[in-house]
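Encoded as structure tokens, the structure appears first; notes follow it.
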Amino acid sequence: MKYWLKIPIFTALFWAVSFFIPYSMAAGVVTAEGVKKSLAMNESLLTNSSLVRNIKKVDLPQVSEALEKALLFHKVAVKKLSVGDLSASVKARDESLRLLMLASRLAHQASGFVEKKAKKSYEKKLKNIQGLLAAHKRITDDNSEFDTERKLQKEVSLLIADAEKNEAEQKTKEAIASLDKAYLIIANSIKSQRTGQTLVRSLDFATEEEAYEYELGRYENYQRLVDMMIDERRAFKRDERTRPFFDEANSYQAKAESLVKEGKYKEASKLIEKASKTLVNLLRDSGVHIPGA
């Protein structure tokens, strides 16, 4: 969601700040009735407002802690008012508001970071797909598989259009899901035309970077498959037996990423391919057979 902190939330924060001054700075106008009303509004803000609902959507310990403390100080403020200690009640109420605004600010920052990360992932996947489409066309042209190319382009273009529509509506998660489907369709088509070859070499791609992106995509697909077999199918676990496979794959990936920073895409491709083979070996060792892998 592009604009996480919307107008109603700004309004709530403006309202929250607005009664800091009359009760905290102008001690002469503090009344029990006035403090009681401000606490009622504060409670509504803390429990039923869109501000708090959006804060709770952010899974971040610092945010949750600030909100919990805000609620605690509000309870203290209510208790102090009940015994007639207006000064202590106002002090606790103001601290509750301060913590609430802190939680909101932290949540907004975290949401922005997640949004940027998702946007970057979307753009990267779209770029990968565009590279794969170009590679697929070169392969089908070589094989005179024009009908295959036409059918794939039609299917993938619909998925890309759906992804772009969702991205325009700030539904990045759904957009990425559509791109993942498109990626798998193209990758599987390329693989079916390259039966018996372990790797689509860079000569099938415009650049070595495209070849690397293809291998990285395959590796990420194997990672998703492994996660699915662990989390959904319970086929095996992350334990002492499987750890060496994960360590080896992670090592290859880390080395590949270092090479990419140096612009050495060809060498990085070979390492990512090894990382993929390591995950395939993990799956086979766990009794999961992948045809053609």
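Positions are given from 1 along the sequence. Source: prediction; values computed, not measured.
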side-chain hydrogen bond (donor to acceptor under 3.5 Å, both in side chains) involving [X] - partner list, sequence neighbours excluded:
X    : result
Q223 : Y219
T242 : D239
S276 : none
K125 : D180

Give me the atom names and distance for the closest heavy-atom approach of [X] to [Y].
X    : Y    : answer
I129 : I160 : CG2-CD1, 4.0 Å
S38  : V35  : OG-O, 2.8 Å
Y183 : Y214 : OH-O, 2.8 Å
L152 : S189 : CD1-CB, 3.6 Å
S178 : D162 : OG-OD2, 2.8 Å
S89  : A77  : OG-O, 2.7 Å

Applying salt bridge (Lys or Arg N to Asp or Glu O under 4.0 Å), can you list everything that pairs with [X], at least two apart in sequence or on another chain?
X    : value
K80  : none
D147 : R150, K151
E209 : K127
D141 : K137

key: Distance in Å, L179 CG paired with K181 NZ, rounded so as to fall on 0.5 Å steps   =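 If I round to the nearest 0.5 Å, the distance is 11.0 Å.
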key: Residues clustered with Y252, ILVMFWY side-chain links under 4.5 angstrom   = L259, L271
Full working for side chain to side chain contact (heavy atoms under 4.5 Å, CB included) between T148 and H136 = CA-CA 10 Å; T148 298; H136 188 274; 4.3 Å; yes
ask   = For the hydrophobic clusters of this structure (ILVMFWY residues joined by side-chain heavy atoms under 4.5 Å, transitively), does one cluster hold both V76 and M101?
value =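 Not linked; separate clusters.
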ask   = Does one hydrophobic cluster hold both I230 and L283, with members joined at side-chain heavy-atom distances below 4.5 Å?
value = yes
key: Pair listing, salt bridge (Lys or Arg N to Asp or Glu O under 4.0 Å) test, anchored in residues 244-256, at least two apart   = none
Does the side chain of [X] reach to within under 4.5 Å of the side chain of [Y], using non-hydrogen atoms?
X    : Y    : value
L100 : V52  : yes
V226 : L282 : yes
L45  : L97  : yes

request  = Tell me, with the steps shown, if R241 and D285 meet salt bridge (charged side-chain N to carboxylate O under 4.0 Å, His left out).
outcome  = CA-CA 10 Å; R241 184 185 67 79; D285 186 72; 2.4 Å; yes
request  = Establish, yes or no, whether the cationic atom of R93 lies under 6.0 Å from the six-membered ring centre of F73 and within 45° of the ring axis.
outcome  = no
query = In terms of side-chain heavy atoms, does T140 have a donor or acceptor partner in E149 at a distance below 3.5 Å?
reply =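 Side chains of T140 and E149: pair found under 3.5 Å.
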Residues in side chain to side chain contact (heavy atoms under 4.5 Å, CB included) contact with E155, at least two apart in sequence or another chain =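 Checked E155 against side chain to side chain contact (heavy atoms under 4.5 Å, CB included); matches are I185.
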key: Carboxylate-amine/guanidinium proximity below 4.0 Å for E273 and K277   =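 Salt bridge present between E273 and K277.
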Electrostatic pair R243-E240, nearest N-O below 4.0 angstrom = yes
task = Show your reasoning for whether salt bridge (charged side-chain N to carboxylate O under 4.0 Å, His left out) applies to E95 and R98.
result = CA-CA 5 Å; E95 179 62 11; R98 186 191 72 80; 2.7 Å; yes
request  = Say whether, by atom type as modelled, one donor and one acceptor occur between the side chain of S157 and the main chain of Q153 under 3.5 angstrom.
outcome  = yes
inquiry  = For A92, is there any backbone N or O sitting under 3.5 Å from a side-chain donor or acceptor partner on S96?
reply    = no
key: Test log, rule salt bridge (charged side-chain N to carboxylate O under 4.0 Å, His left out), inputs E215 and R218   = CA-CA 5 Å; E215 283 303 323; R218 289 181 66 236; 2.8 Å; yes
request  = Report the C-alpha distance between D227 and R238 in whole Å, list the side-chain angles of each, state the deciding distance to 0.1 Å, and finish with yes or no for salt bridge (charged side-chain N to carboxylate O under 4.0 Å, His left out).
outcome  = CA-CA 10 Å; D227 289 341; R238 297 180 187 274; 2.6 Å; yes
request  = Show your working on side chain to side chain contact (heavy atoms under 4.5 Å, CB included) between Y122 and E164 and close with a plain yes or no.
outcome  = CA-CA 10 Å; Y122 168 82; E164 291 176 339; 3.6 Å; yes
task = Just grab all the side-chain hydrogen bond (donor to acceptor under 3.5 Å, both in side chains) pairs involving residues 66-75, residues at least two apart or on different chains.
result =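 side-chain hydrogen bond (donor to acceptor under 3.5 Å, both in side chains) check on residues 66-75 returns N42-H74, E65-K69.
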